[in-house]
Structures are given as structure tokens and as C-alpha cells.
Amino acid sequence: MFSRVLIANRGEVALRVLRACADLGVESVVVYSTADAGAKYLEFADDSVCIGPPPAAESYLNVARIIAAAEITNVDAIHPGYGFLAESTEFVEICEDSNIVFIGPRSDVMRKMGNKVEARHIAKDRKIPVLPGSEGAIESDDEAVKLAQEIGYPIIIKAAAGGGGRGMRIAHNEISLRNMLALARSEAEKAFKDDSVYIEKMLDKARHVEVQILADNRGSVIHLGERDCSIQRRYQKLIEETPAPGVSDDTRSAISKAAVQLARAVGYTGAGTVEFLVNGDGRYYFMEMNTRLQVEHPITEVVSGVDIVKEQIKVAAGEKLPYHQKKLAFRGVAIECRVNAENPADGFRSSPGRITEFIPPGGPGVRVDTHVYSGYEVPPFYDSMVAKLIAYGPNRTEALNTMRRALQEFTISGVKTTIPFYRDLIEHRGYASGNFDIRFVDEFLGSV
Amino acid sequence: MFSRVLIANRGEVALRVLRACADLGVESVVVYSTADAGAKYLEFADDSVCIGPPPAAESYLNVARIIAAAEITNVDAIHPGYGFLAESTEFVEICEDSNIVFIGPRSDVMRKMGNKVEARHIAKDRKIPVLPGSEGAIESDDEAVKLAQEIGYPIIIKAAAGGGGRGMRIAHNEISLRNMLALARSEAEKAFKDDSVYIEKMLDKARHVEVQILADNRGSVIHLGERDCSIQRRYQKLIEETPAPGVSDDTRSAISKAAVQLARAVGYTGAGTVEFLVNGDGRYYFMEMNTRLQVEHPITEVVSGVDIVKEQIKVAAGEKLPYHQKKLAFRGVAIECRVNAENPADGFRSSPGRITEFIPPGGPGVRVDTHVYSGYEVPPFYDSMVAKLIAYGPNRTEALNTMRRALQEFTISGVKTTIPFYRDLIEHRGYASGNFDIRFVDEFLGSV
Amino acid sequence: MDVIEKIRRLVALMAENGLAELEVEEPELRIRLKTSISAAQQPEGGLQAQVLEEVAAEPTEGREEKPPAKAEDNLLEITSPMVGTFYRSPSDGAEPYVTTGTIVEPDTVVCIIEAMKVMNEMKAGLSGEIVEILLQNAEAVEFGQVLFLARPLEQ
Amino acid sequence: MDVIEKIRRLVALMAENGLAELEVEEPELRIRLKTSISAAQQPEGGLQAQVLEEVAAEPTEGREEKPPAKAEDNLLEITSPMVGTFYRSPSDGAEPYVTTGTIVEPDTVVCIIEAMKVMNEMKAGLSGEIVEILLQNAEAVEFGQVLFLARPLEQ
């Protein structure tokens, strides 16, 4: 096992990894920008290093400063959390060159799966269904138009190097396709320094269902079941749930198998997630793989009893996965609401500032992952998530009751949050029934 | 299912029952004394009724006022929590007469098991080992002296109607036995209006191990495993743990079977706990049965996945237990620390007052049950417990690491608490090894 | 607690206690509330709220609150010493023990509170003229709840 | 944070910055700290704490803190713009770039900070006389950490 791990992230996920290190008896070092100086979670680390000013480019995204922090604190390994450098192949390579273990997949595996076009090829080769679309990056607009005619509109344009909705555009006809291709290329170039895009048929009545994977360095690959992440607004997940409601056991088992197969095919190690779109009729299509820890991992932890971050660290240190697929027992239903410092009444505009009162819910079936507290100042520079609220129940109805109760108890004053929005959303029949798709939030917001 | 439940308690356990009601979709009414007016948990109830001034005798222990509150709020049932009226046979009888369901065993069952001498007889009849001691209440001092000579000193004198250490005395020889008998009788008379006492051989190197029972009205009785509660100070439990460390599978299975057998013998319904002393050589002796919810029930919930309070309410409403003994799967290790507003540096003197800062720990493997928050005023009239901190891990080492981490994160300012005491105690080798008995805390405090 | 909810409670509290102004200062919030017209002039409501640094509170209309007490100074309260059901008269159809205008002495029975099937006669405990009865017949009462307001007798 | 811990940090902060008095007022806590003798008179420690409403803080001795800076007013700070390892001289055994008493100009190289095997020469960025070097050779530095104190030149 490592003796010291550097956590190259901030806020909630930095604390999440800190806790895993503490639980494993591993020392931890956290980096921070001056905007995060004084945050309470820094006190829980064995050491902390100020790496730069608030802008992420000069701190949490600055590879040189993070590697320098790792060097001066003599760590064995770096945990990237999610976001920032978690999917930067360049960063992983530098870690590898510096003889620091990157807690995640190898750089070559990340490069393969990080390129959406290549990942699509790998999936296709393994007979895992992909959406009808271009074989690779689109060479010319005419090629795209011709293909779109074959597979039918609407068409979704995605950045090959993309993720998080950036460089993503939807076209409903030829004219919009030509316009959107140009826009998507320039967005992709700006975001990823790579303007290649590809197109796929757009399924808009589908669910977003993803499978959690864990793999060690010795050939063992397991899945920890799936999560429904259809409750999204502008490609940002808001509520996640496991097991996915309205997905048949056949589909569940097929996508789990496909995810394991894909991870095995590329020699994946660590924690990863394979995303699928699932149709109303149970047909599924591979979308992409996220080669990192996901925000929503706690719901899987709650039902599986497996601590994903601990296992991620353990396998990175060369340990064998202590779980066998067939012996895993999943228990009940878990739901997560991402509580953001945003004002739902004002277009979800972010609402940074001082939290004057923070009373988290508790008791049975409730887990709260948060780095904030009464008196914490939400900085305006980063992600607006202030807490993850996870509710558990033996079945979906009781899990929802627990979520309702916890949302009711949760008190945050000083900044606006999405708590009132969730209180309303979970009462909506379309949500409560479990019969929703990726367009639910748009429809819900339209109907409010 | 009930439509409305009255919660005849306060603080942490009132909130615990409130949460169970919310999770079941049952309305709740909480009673409160003027000392608890304004407490945040009252807002989570559907209704609340002020029943009297701060002294418990005029509020939480006042049967007439609680029944009147139940009448004016039209509840179906009363949950007594623990403490206060939870083990009052008189209260249960009045509920029965008033056609209000008491969430707990019937009054006749409670009367049988509440009398320690009778419970001892019932256990003996079922061939469940009891400690050598008097067959019933001691009639004369001479009888006690004679018996003590046979079974050997030290001897423990207990109140027949007792509990919680009141009326309990230890005698090391004949002179002290005669003196202590008089003292114990007068204490028992004062505490329980019944001066009968009985004597038992005292085992002081034993562990306190108890088995959690759940029984419905249709003959189904299950156990949810055992808890070690040896970490006590003056008969007050401080830390509890499940599964009990250092108890063999044979002993574990024997006491579980004995507990189920005993519950079945008396027609027990609801949640209950059968307490045993377990010797270093694995021999066990029935001590008593607690006919109510226990403070430490959450650790069992965490490892079994069963919500004991929900099940307690459901079986009281006539529902069938949805669990089968053989299908229950226990997962990992859970430990609870009772965080009291007491000053460990000053003989654990209680430390009421305003909590100025309250930052509970969170994240994976942590459950916090608390009714307090930044700004809460701990009233001086009641129990000093302000929070229950429960840590979970796949094994004892990781559960202890999680407890350590959670204790480190837990911030309470404004009142003194037992958190620093626990931080020290869990580092003690005697505790960490799992090889401790009921004298551990005395020895630990002696060695500090 | 939500600020709006906090203001609601403060407004309700003002109404219940006939306050004309109220100011609260907390670390991050200062609230000042003031009735628009003196409560004595317009006894049946008309509360308006002014809040510094926050939006205006909603009036308490439509909520199941006790009607605002008359903001007469120096009124005495007769409170309930127990939990139960409030009855104004000894039996159905009988005359109420007291009505507004009744002069009571400490030993005057003013109502009955039923708890656990027992009818408990409540005495005024003070001398004065009943000016307001705050509960309907057969309504539930809590410990400490104000049942009557009385004006002390001028001596 | 525990009050004692808070006081500890305040005392450390005073020591680091050569403060003579410090007063903090929070909603529930007021802390006032004052050195017993002026720090300039007794530069190497001797901090004492006076705390209102709480016990006295422990002195900072025995902690791995930077030595208290001289409480001379108007000293300028040269801070690190990066994370890395601090070196006083270009190579092992070579003369240090600066010592106390060295007069520096904005372009004077004052040290090297090594990050990712790259030696970065750091310039003073100001004019003044170096009066204190706050780090040992080969010590780790964070972003924003004070490396040198300099006295501005009288002009």
C-alpha cells in the first residue's frame, strides 16, 4: 500500500479521497488554491500545499505545480478526483514519467477510451451495439449530410475528444447540420484543442444508464451494477439512482456484461464507468466510457457495500480485488441529489457566497458527502456543488420517502441552493413513477 | 398501517422515530416540554403538543398529559422511544384501555420480563443458563449470607424491578453483604417503589453481549445478531459494536438461539433485547431482557440492512415481518460512540448550554443520529446525549479507522463533549485489540 | 430555517402577542417588522412587514393561526395548566361559564378541560374582566396555551 | 474548530507576522491576544496570550513553525510564485545569491526554485536590503510563501 497520496483536487471530492485514505491508514496531502485556503477539509489532511491563485489554470489544472507539490511532499501516488486533470492523458504520462502512481488507468488505456471515436470502434469490434453514425471523425460536411440522410434526423454531433456536453450539438435538418458542424468544430477546438467531431443518431426518449466497473492489475474485472442518470439538465446530471428503474433484468445483465467485456478488451484498471443509452424497448447503445471516479459513485457504494475509492486506491497500489462478481450482494435502492449553490428560480444561476447556516440531514438511510459547514464561503471560481445527498431504502418507495424526509430536514442559508427544486421534482408523478427519460427535467421545468 | 403516531419522547430518539414515520408515510405528532420548545426536530413533525414544564415528572413521564395529547391529536398509536415511559407497564395498560396502540410488547409480557426475578425464572425453565444466585427475591439477610457462602463472593445485589444500574450493589464479604442489602433495598424502593432485591454471583471479567430481537403478532420471531456493550462507565454504555469481537461463532449462535427461544416463550412482540454476560471461556449467562428499542440499535441496522424502528411500527400495526432468519445477510462491522455533553476532564460532569458550532462528520461508512445543530441549547433537565456516531467498515480495522476519522472531523463547540475521550479510548491497545471486558473503561480511566 | 418561513413565524408571533414592532439581529440577518397602522386601531389583522436585506414577508392570512390578539396593553392571560379539550360550558347546551365582559375572581370557574375522560374545572386564578376568549368550544389545548385575555380591574 | 486550537493558530499567526495585538470577534466568541513585551524588544519568541472568556493559550514553542518574523514595520516580502524546492545558491557549495545585508534590485536573482527537475531563477521584483531569509536551503516552498524580508531603501 502507498504510504502517502497526493490529492490533486478540491472541495467535496478532495474530502472524499481524504476519507478513503484515512480509512486505509494512508497519509494524505491535499493541494489547494488561495481561494480554498482556510477550508476545513484541509485540516483533515496530513499535509497541504498551496499551489496557486484561484484560476484553475494556475492551480488545479496546472500540471507542473501539482507535480512539484507531489515532489516536495514525497508522495507515492496522486488521486485526481473527478474533473480537473482526472481525464488528462498528458497528466497521466507525466505521472508515469515521474515515477508517481496515477490512481486511475494507464495513459495508453485512457487515450484509447478518451477518444470517443476510437472507443466507439472498440465497442463495435466487440459486438456491443453503438448508435448508427459515422465510422470515425467526419471528414467533410457532405459526408455528414449523406450519412444523416441514411440514418435519419435528429442527428447529434459530438467532439471526438469530448465530454461533459462541450462540443455537442443537435441538428434537425441538413441546413442546421451544416451550421452546427462548424459550431461544434470550433467549440471542440477551443475546449479540447482537437476539432474532430463525429455524428450519431439522436435518441431523445432514452434513459442514460451507466455501469460501474472495478478492475485490478491482475486481470480481475467486476461490475457493481448500473445507475440511472437520466435526470439531467443541459447534460449535467442532477439525480442518480441505482438500480435503474424501468430497466429489465435482461437489459441490466446485458449492459453489465458488455461493460465488463469492454473494460477487459482495453486492459482497463481502476474504477471506470461505461455509459449507455437505453431505449423504451430495452435496446441499448454504448455511448462512452468515463475513465475515472464518477460524482455519483456513492449510490453504488450504498447498495453494494463496496467502497469504490478505497478499492481504487488499493488496486492502484497493486492489490488484488477482494470481490468476486457472483458473491456480491446488492441491497435495496439508493438515490443521490447533487445539491448545488445555484438559484433554480433564476435559471440555475450560480450563487456563491457565505453559508450562514448549514444543517445536514442524518439518521437511517442517509449519507451526506460535503465539504461545507456553517460559515463556509462558496468560492465563485469552481463547480457549484456543495453537497451530495444520498438516500437509501429497501425499495424505491421507501428510498424516495427517505430522500423526501432528508430534503425537508436539509437547511442551507446564505446562498441559494437546488434543494427546493429537488423537493418539487421528486413529487412529480413522472419522476415518482420511475417512468422517465433524459428529457424529463426539460419537460418538468417547462411545466412548472 | 397507522395514520398518525404520537411520539412520547424528546431529542434524538424523538427524531429517530419521526424519521421512521416519515419513511413509512405515517403522520407524526411529537409532545414536548417547555424546555424543548423551539427545537428544530419539532418542525419535522406533522403536529406537536406542549405537554408541560421542564421537569420530566410533569411532562415526559406524565402519563395523563401524554394520553391527553394523544386524545386531542387523534393518533392511532404511541411510540415511547427509550427511557421515560418506554418500560412502564402502567403506561402500556392505560394505552390498551384507551384503545391506543402502544408500539412495544403487550403489558402482560412487559410485566413478566420487566421483573428481573420472574425473567430469570422463565430463562431457567427454558434451560437458558443464569448466574448462580437466589431463586427469587431475598426474604432475609441470613438467607442471602447463606447463599453467598455457597456461590462465592463477590456477590451482586440487584433490584427485582430494576434497570440502569439503580439499586445495584456489590458485596465482597458477609459484612458488606449485610450493609449493601439494606442500601440496595432502600435505593430500589426509592427508584421503583418495590424494595425486592435478589443476589447473583458477580462476573467481572465478562463481556456484556446482547441479542436484538424482532417479533410480529403472528408468531414470527427473528434475531438481528448481537452487540457487544462492554464499554461502559458506571453501567452506562458508551461504545457498542456488532458483531461482538472475541465471541466464538458457537457462542454467538447459542445466545441468538436462546434469545429467540425466550422471546417466543413469553409471546414477545416488537423490538426487544436479551442481555447476556459472556465469559472468557465462552460460557454465557442470561442477565435481563429490555422490552424496548435500545439506544444502540443503529449499529444493527447498519450491518443487517433492517430498519428496526420501521419494523417495530409495522409489526405494532399488525403487519407480518418481511424477513426470514436464514435469508438475512449481515455485512461488515459497525461501531457506535454515544456523544454526550459531558466533560470527561471533570468526572464526566454534564455540560449543558448553547452549542455554538456543530459540524458533524459524513461520507462513506458514517451515520450520525442527532437532534442538535449550531445554535441548539442543550437543556440541563434531561439526558446529556447529543449525538450517536456510527461508523461502518467491511472489517473491524476499517470500521475503527472510519470511527477515528469521523471523531477527528466531528466539531462541537460551546459545550464540552465526550468526543476527545473517545479519540483517546479507541487508540488504547486494549480496545483496539477487541480483547476487553466490562471493566475496560474503569481500567482505562485509571491508567490515563 | 428559510428566511420567509422565519418571517412568517415572526409575523404570527407578533399577531399572537399584539406587537407593533419587532427587530431581530442575527450574525447574517437583520429583520425589522412593523405593523402599518397601530394594532389597536385595526385589531383584525392588517399586519404588514418590512424586512431589511430581504424580500417582504407574506401576510398571515389564510393560515390556521389564532386571530391576532387585541394590542391593548396590560391585559392578563389565563393559560392552560394541562393538555386536553377546552369546553366553555359544563354540558352541551348549558350556559358558558364566562363570556366577554364577565368579571372573574381567582376562584371563578372559567372553563372545563377534559383530559383522559376527566372533566377538570379551570379557575381564573386572577381578578379581571374577560375581554377575549381565544378558543372555540371543544378545541384542543396545549400546556401553557392562552385561553382568555382579561383586563385587570381598576381599584 | 476547538477554541484552544483556534487560539493556537492565532498565536502562530501572530508569531509569523510579528503582530503585537490581535482581536477577533465572532458571533459567539471574542478573543483578544497581546504579546507581553513588544515583539521588537524580544524578537525570538516570548509571546504570551490573554484570552477573554477562555483559558490561556499555550505558547507556540516546540511546533514546526517558521521563527517569528522581526516586528519591524514596513518590511517588504518576496514571495514564491510557484511550488517547489528552495535553493539559496546556483549549485552545491557555491555562494548563495543573497545574504542578509545584500542590496537587491527588481532584476537581482535571489534564489532558485526547483520544480519538476527545472531550476527556476527567482528575481527579487523589488528594491531593498535583505534583512531576513525565512527558509533553509533545500526546503520545500508553497505558492505565495514568503521567502525573504527586505527593508526598502531610503530614497
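For the numbers below, each heavy atom of this structure counts, side chains included, while hydrogens, waters and symmetry mates do not. In what follows, chains are A, B, ... by sequence order, proteins preceding strands, each numbered from 1.
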Check your understanding: Where on Y373(B) is there a heavy atom nearer than 4.5 Å to chain C: the side chain, the backbone, both, or neither?
Key ->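 Neither part; nothing is under 4.5 Å.
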**Study point:** Residue I94(B) versus chain C: region with a heavy atom under 4.5 Å
**Key:**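 Interface part for I94(B): side chain.
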Check your understanding: Does the side chain of Y82(B) come under 3.5 Å of the side chain of D383(B) through a donor N or O and an acceptor N or O?
Key ->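 Side-chain D/A pair, Y82(B) to D383(B): absent.
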Exercise for review: Indicate whether the side chain of S127(C) and that of E105(C) have a donor and an acceptor atom separated by less than 3.5 Å.
Suggested key: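 Side-chain D/A pair, S127(C) to E105(C): present.
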Point to revise | Proximal component of V118(C), with respect to chain B [non-hydrogen, under 4.5 Å] | key: neither
**Study point:** Value rounded to 0.5 Å, distance of OG1 in T417(B) from CD in E342(B)
**Key:**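 Result: 9.5 Å between the selected atoms.
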Review point. Atom OG1 in T100(C), atom CZ in R151(C): separation rounded to 0.5 Å?
Key: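 One gets 10.0 Å once the value is rounded to the nearest 0.5 Å.
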Review point. Between S48(B), P53(B), S98(B), which residue shows the highest count of heavy-atom pairs closer than 4.5 Å to chain C?
Key: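 Of S48(B), P53(B), S98(B), P53(B) has the most heavy-atom pairs under 4.5 Å with chain C.
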